[in-house]
Structures are given as structure tokens and as C-alpha cells.
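Every chain is numbered from 1 and lettered A, B, ... according to where its sequence line falls, protein lines coming before strand lines. Only a predicted model underlies this, so the values are computations on that prediction, with no experimental measurement involved.
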There are 2 protein chains.
Amino acid sequence: MTARTSKRTLTTTDAAILGVLSWGPMSGYDVKKTVDSTVGYVWGPARSAIYAVLPRLVDEGLATAREVAQSQRPDKIVYRITTAGRAALKAWIEETPAPPDPNRNPLLLKVFFGDLTSPEVLADQIQARRLEAERMSEEMDRFEAEADPDDVYTALTRAWGREYARAVIRWARAAEARLRAS
Amino acid sequence: MTARTSKRTLTTTDAAILGVLSWGPMSGYDVKKTVDSTVGYVWGPARSAIYAVLPRLVDEGLATAREVAQSQRPDKIVYRITTAGRAALKAWIEETPAPPDPNRNPLLLKVFFGDLTSPEVLADQIQARRLEAERMSEEMDRFEAEADPDDVYTALTRAWGREYARAVIRWARAAEARLRAS
DNA sequence: GAAAACATGTAAACCGTTACATGATTCC
DNA sequence: GGAATCATGTAACGGTTTACATGTTTTC
């Protein structure tokens, strides 16, 4: 058997998919749903990306595929992570350094060229972002209440969500005040 | 004259490039340099993207191109924003809502699947990110010292940079402590 | 009986990145 | 003589968005 164990390092999308497969075998459809409700906050590949990646993982020996016939539903293909897949994911996590922050922020770009519009328009856009962040902050609080406090890893991701939302809110409040005072 | 004033809304890269062209006519090479030293912190298109976008802006009537022969340097093409270009950029800035936060964060993905590796490895990765943020924070302070305090718009972008760095640092410190204590 | 949600995928167009390619000039 | 700067582009790849395709079950 000659699976192309090509040892290329995983893309972030590969890692996200292998990650949810590490929780159990599932179809592409289920991968999508699982991603959306979990890691989707930090990496949410498109459905078509998932369907494109899964066969490639099989090709590289990182997962296996098994066709499952269904009577009440369309047939599906269930993917299962392999030992090699787990190892590749572990290697991806440990490979240092982590790619730097993306830092692509269209709103900030608007602010940067803000002199082309009015302070009010800009303040409105910033306010909208703040309201978003406030909603997100509340959502994190709700998650926090329900969550298992011993699960360090999801606790840390929630902590980042709260810290980030907080930064947005602080910045936006100050920016709105400054812009509305012109 | 039939410039295709196709009214499609600009991509973020288009906006960034039109934005620097709004400061004065320049070649693709100079656009790249200018972007890198200014808006690059929030949106830094690749060189190849710039060279691809510029002719399209001309095609759409948002900029004009003029070839300039040089004796001591390779010839170059100087682009100048048009009135339509300015209008399109203004429309992009004012179009609401601003696209939501990208939120694609490979480091957080690593944290999310952190149980596949050791707490130390994870803490090291987080520490690296913190050091990065600390460097950035200092850089912002330096910019702050040199900057014109009356320039609201760049002040606001710097303020975001500081607030963001602060959030990273606070989160990373807590995360590192929690992970190293296992 | 209709609409929405479930369930599974494919295909094409678009945006952007990294790496490849070329060649002159200036600075050390 | 080698590195950095000036100057412009192409090709291959990763990923997203949107649309196409098909059929079932649940909800109103």
C-alpha cells in the first residue's frame, strides 16, 4: 500500500479538519457542523474547502474513508483519522513559530482613510463594531457559565475571546467619543 | 471613451491601493513601499496583488496610467487616482456595515487542540506571541512620540494597535501561568 | 400543502499569497 | 565583487463565495 505520506506540513484548514476528526469519525457534512459550533470562532473553512480537503487527507494516509449507504438520507462518506493523521496534527501544533497574527482589518483601513468621509459616518461604523463585540462578550459569558472549568484549552480560547472583545469595546468607546466631539 | 465604470464595490486591497494613491501619483513599486510603511499594519497586500490590481483600476476608470521613461532606472508606470476613484473609495468607506472581523487565528486553533501536545510546548508558543506583542507595543509608543497629535485618524489606528497588543499580553500572561502550573 | 431545515456533495469564479523570473544601478 | 535598491511582472497554489444539484423530513 503506497499512501503518499508526503510529509508536507499541514495547512491551517487541514489542521482544523483533522482536529475535529480527532474527536470521532464523521462525514464532510458533520465536519462542517462541528467546526461551526466549535473552532469556527478561530478558523472556519468553507464547506467546499472541507469537501476538497478530506479526500486529500485520505490520499496522504492521514485519514480513511468508508462509504455508508443510507436509506432515509443520501449516502455519505465517513472519515476517520489515522495514527499518521494524529501524528501530523501533533507535529503541526508543535511546529514553531505559529504563523503571525493576520492583522487584516478593513475597519481600521476605513479609519486610516477617514479624512475622506465625515466623523459621524466613521463613528457609526465603529459603534456597529462595538455592539458586535458587546454581543460576543455576553455570549462568552454565557459559554463560561455552562462550561467545564477544568477544560483548560477551551477555557483559554474563551479567555482570548473575552480579552479581545474587551479591547474592541475600550477602543471603540474612546474613538466614538473623540469623533463625535468634532 | 468607454472606461468600464462597472460600479462593483471595491475589494479591501483595491481600497488600500486607492487610498495611498489618494496621497499622490506613484508607481506600483512606490505603492508597495508606501503601503508597507503606513497602512501595512492593517492591510498589507502582496506585491503581486498590487501589480495585478493597478491595471484593473485603470480599466475601471478609477486611476490613470502614464509610462515614464527613465535613463538611470528601469522605466516605470505612474498611476494617478481619478475623481471617480476618489468617489469609489469614499463609497467604500461609507458602505455599511464594515466586513466583520476575520478572526482567523492559527495560534488559537493550536490552543483549541492543545490536549494533543504538552502544556510546555503550548506555553512556549504563546510566549512567543506575547514577545511579539510587546515589541509591537513599544513600536507604537515610539510612533506616538513622533506623531502629530492632531492627526485623529492615524492616532486612532495607533490606539487600536496599543489596545490590541495589550489584550494579547494580558491574555498570554494568564495563559502561560496557567499552563506552566500543570 | 408549502416552506424550512436536514443531508450530501460538485463546480466555477474570484481574491490573495509565495515563489519564480529578469535585469539595471548604487553602495560598501 | 557582492549586496541592496529600483522596477515589473508571471505561475502555482490555498482558500472563499456563490451557485448548481438532488432528495427527505419536519414544522406550520
Side-chain angles (χ1 to χ4, degrees), chain A residues 6 8-17 25-37 39-40 42-60 65-79 92 99-106 109, chain B residues 6 8-17 25-37 39-40 42-60 65-79 92 99-106 109:
Chain A
S6 54
R8 97 189 146 79
T9 59
L10 305 175
T11 66
T12 312
T13 299
D14 294 342
I17 294 172
M26 56 186 107
S27 66
Y29 186 88
D30 288 330
V31 168
K32 171 66 175 154
K33 272 201 315 183
T34 306
V35 164
D36 282 352
S37 65
V39 288
V42 299
W43 197 266
R47 200 158 42 88
S48 57
I50 291 170
Y51 283 117
V53 162
L54 283 169
R56 206 184 57 207
L57 295 179
V58 172
D59 216 49
E60 293 170 335
R66 193 171 55 93
E67 215 166 322
V68 175
Q70 298 185 118
S71 49
Q72 312 289 57
R73 294 268 180 284
D75 295 356
K76 63 181 174 182
I77 303 171
V78 173
Y79 295 88
W92 177 82
D101 267 14
N103 241 13
R104 355 200 64 244
N105 193 327
L109 194 60
Chain B
S6 56
R8 96 191 146 77
T9 58
L10 305 175
T11 66
T12 312
T13 299
D14 294 342
I17 293 172
M26 58 186 107
S27 67
Y29 187 88
D30 288 330
V31 168
K32 172 65 175 155
K33 272 202 314 183
T34 306
V35 164
D36 282 351
S37 64
V39 288
V42 298
W43 197 267
R47 202 161 38 84
S48 59
I50 291 170
Y51 283 116
V53 162
L54 284 168
R56 207 184 57 206
L57 295 179
V58 172
D59 215 49
E60 292 170 336
R66 192 171 56 92
E67 214 165 321
V68 174
Q70 298 186 118
S71 50
Q72 312 289 58
R73 293 266 178 285
D75 295 355
K76 63 180 174 181
I77 304 171
V78 173
Y79 295 88
W92 178 82
D101 267 12
N103 243 12
R104 352 199 68 243
N105 193 327
L109 195 60

Within the 4.0 Å limit for protein heavy atoms, which parts of nucleotides 13-22 of chain D are touched? Write it as a string from 5' to 3', B for base, S for sugar-phosphate only, - for none. -SSSB-B---

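- The two residues B/P106 and A/W92 come nearest to each other via the heavy atoms O-CH2, 3.8 Å.
- For B/L54 and D/dA7, the CG to P distance is 14 Å, given to the nearest whole Å.
- The two residues A/V78 and A/V68 come nearest to each other via the heavy atoms CG2-CG2, 3.7 Å.
- If you take CD on B/E67 and NZ on B/K76, they are separated by 12.0 Å, rounding to the nearest 0.5 Å.
- Note: NZ (B/K32) to P (C/dG16) measures 13 Å, nearest angstrom.
- Put simply, CG on B/D30 is 8 Å from P on D/dC6, counting in whole angstrom units.
- The two atoms that bring B/Y51 and B/Y29 nearest to each other are OH-N, 3.4 Å, heavy atoms only.
- Rounded to whole Å, the distance from CE on A/M26 to P on C/dT8 is 12 Å.
- Using a 3.5 Å distance cut-off with no hydrogens or angles, the side chains of A/W43 and A/T13 do pair a donor with an acceptor.
- Taking atom OH of A/Y29 as the reference point, atom P of C/dG9 lies 11 Å away to the nearest angstrom.
- In this view, A/R47 satisfies the salt bridge (Lys or Arg N to Asp or Glu O under 4.0 Å) rule with no residue, not counting sequence neighbours.
- Rounded to an integer number of Å, the gap from B/Y51 OH to C/dT22 P is 17 Å.
- In this structure, B/I77 atom CD1 and D/dA7 atom P are separated by 12 Å, rounded to whole Å.
- As a whole-Å value, the separation of B/I50 CD1 from D/dT10 P is 15 Å.
- Heavy atoms of A/K33 sit under 4.0 angstrom from primed sugar atoms or phosphate atoms, though from no base atom.
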